[in-house]
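Every chain is numbered from 1, with letters handed out A, B, ... down the list of sequences. Note that the coordinates shown come from a computational prediction; the quantities given were computed from them, not determined experimentally.
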Protein chains: 2
Amino acid sequence: MKEKATLSEKLMRGDLMEPDCPSRGVLMHVTSRWGVLVLIALETGTHRFSELRRGIGGVSERMLAQTLQQLEGDGFVRRVAYQVVPPHVEYSLTPMGLEVAEKVRSLADWIELNIERIVAREPA
Amino acid sequence: MKEKATLSEKLMRGDLMEPDCPSRGVLMHVTSRWGVLVLIALETGTHRFSELRRGIGGVSERMLAQTLQQLEGDGFVRRVAYQVVPPHVEYSLTPMGLEVAEKVRSLADWIELNIERIVAREPA
DNA sequence: TTTCATACTTACATTAATGTATGTACTTAC
DNA sequence: GTAAGTACATACATTAATGTAAGTATGAAA
């Protein structure tokens, strides 16, 4: 499926066809059900937790929190908390996050634009 | 999160921020654990079931079959079976499938290229 | 004084995804 | 005759993902 290389070379470089490649984990965070939508939402700018919660239809607080933490852990999302009450936390993309978000949105845009074409030819 | 529009307008056009938009289903097929890898593998050309099975590290027969069927159902994959024994089936991308695959690979490539940068700054 | 909003966490329940093992029908190679 | 390869389907078991509900601390508004 790709040029031959040693296992360690593949893993260092990132080879998704290898079962143990760390790329798979990152890919799963980014392409997870809510990961995609969070990245797209944050591409429009900084947002608070509750804004994201309201903007992303159907996401629960639990899932939103978890997704944001994963993306923060991968270095795609920056979290800034103000020590006030009630709590005020702002989320935004890091430069690296912006790069992935662009790729993700490109895919999402294609699907949104072509959804009628896809659904139309769907069997039952 | 996006311009205001009626619900039906959103759904027709495809609005991923809407919980009931069919785009979400397609997106999930495409970004599913094995969907991504199948699309990337097929971008290199036509492949038999067993070739994909061997090429995509860690995928089970069950999951590969299921993933291929989903992608076929969405119109991204074409399946051609020859009536011979032992069975011979070839999978390839449709023109539409090629379009999505390009987007998906673009994302995957970015992750593979940047995996070291990502992992390096990972906390624990 | 009760309610509301915020940004979570935690426990528990449920659903979805995935894996494992087995079977099939036939042919070719051993 | 026995094993292997092919492209699956199916039943069952397990794991992962997700949802629901409740709790927390505090201040401001009603």
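A:R48 has no carboxylate O lying under 4.0 Å from a charged side-chain N of A:E90, or vice versa, which leaves the two without a salt bridge. Looking at B:E112 and B:R105, no side-chain N of the basic residue comes within less than 4.0 Å of a carboxylate O on the acidic one, giving no salt bridge.
Toward the 5' end of DNA chain C, the nearer of the two residues A:L68 and A:M28, judged by each one's closest nucleotide, is A:L68. Along DNA chain D, the nucleotide nearest A:V85 and the nucleotide nearest A:E61 are compared for position; the residue whose nucleotide lies closer to the 5' end is A:E61.
Proximity of a side-chain donor or acceptor of A:T31 to a complementary backbone N or O of A:L27 within less than 3.5 Å is detected.
Rounded to whole angstrom, the span from the CG atom of B:L64 across to the C1' atom of D:dA9 amounts to 14 Å. Distance B:L37 CG to C:dA17 C1': 15 Å, rounded to the nearest Å.
Interatomic distance, A:L52 CG to B:M17 CE, rounded to the nearest 0.5 Å: 9.0 Å.
OP1 or OP2 of D:dC8 has not a single side-chain nitrogen or oxygen of B:Q69 nearer than 4.0 Å. Close to C:dC8, at under 4.0 Å from its OP1 or OP2, lies a side-chain N or O of A:R79. Side-chain nitrogen and oxygen atoms of A:S60 include none within less than 4.0 Å of the OP1 or OP2 phosphate oxygen of D:dT18. The phosphate of C:dT6 (OP1 or OP2) has a side-chain N or O of A:R54 nearer than 4.0 angstrom. Dashed line: the shortest gap from a side-chain N or O of A:R48 to OP1 or OP2 of C:dA7 is under 4.0 Å. Note on A:S50: a side-chain N or O is less than 4.0 Å away from OP1 or OP2 of C:dT6.
The side chain of A:P87 approaches C:dA7 more closely than any other nucleotide in the set D:dC8, C:dA7, C:dG19.
Counting any heavy atom pair closer than 4.0 Å across all strands shown, B:Y82 reaches no nucleic acid atom. Backbone-only engagement by A:R33 is indicated by non-hydrogen atom pairs under 4.0 Å involving sugar-phosphate atoms exclusively.
Look at C:dC30: its Watson-Crick or wobble partner, with both distances under 3.5 angstrom, is D:dG1.
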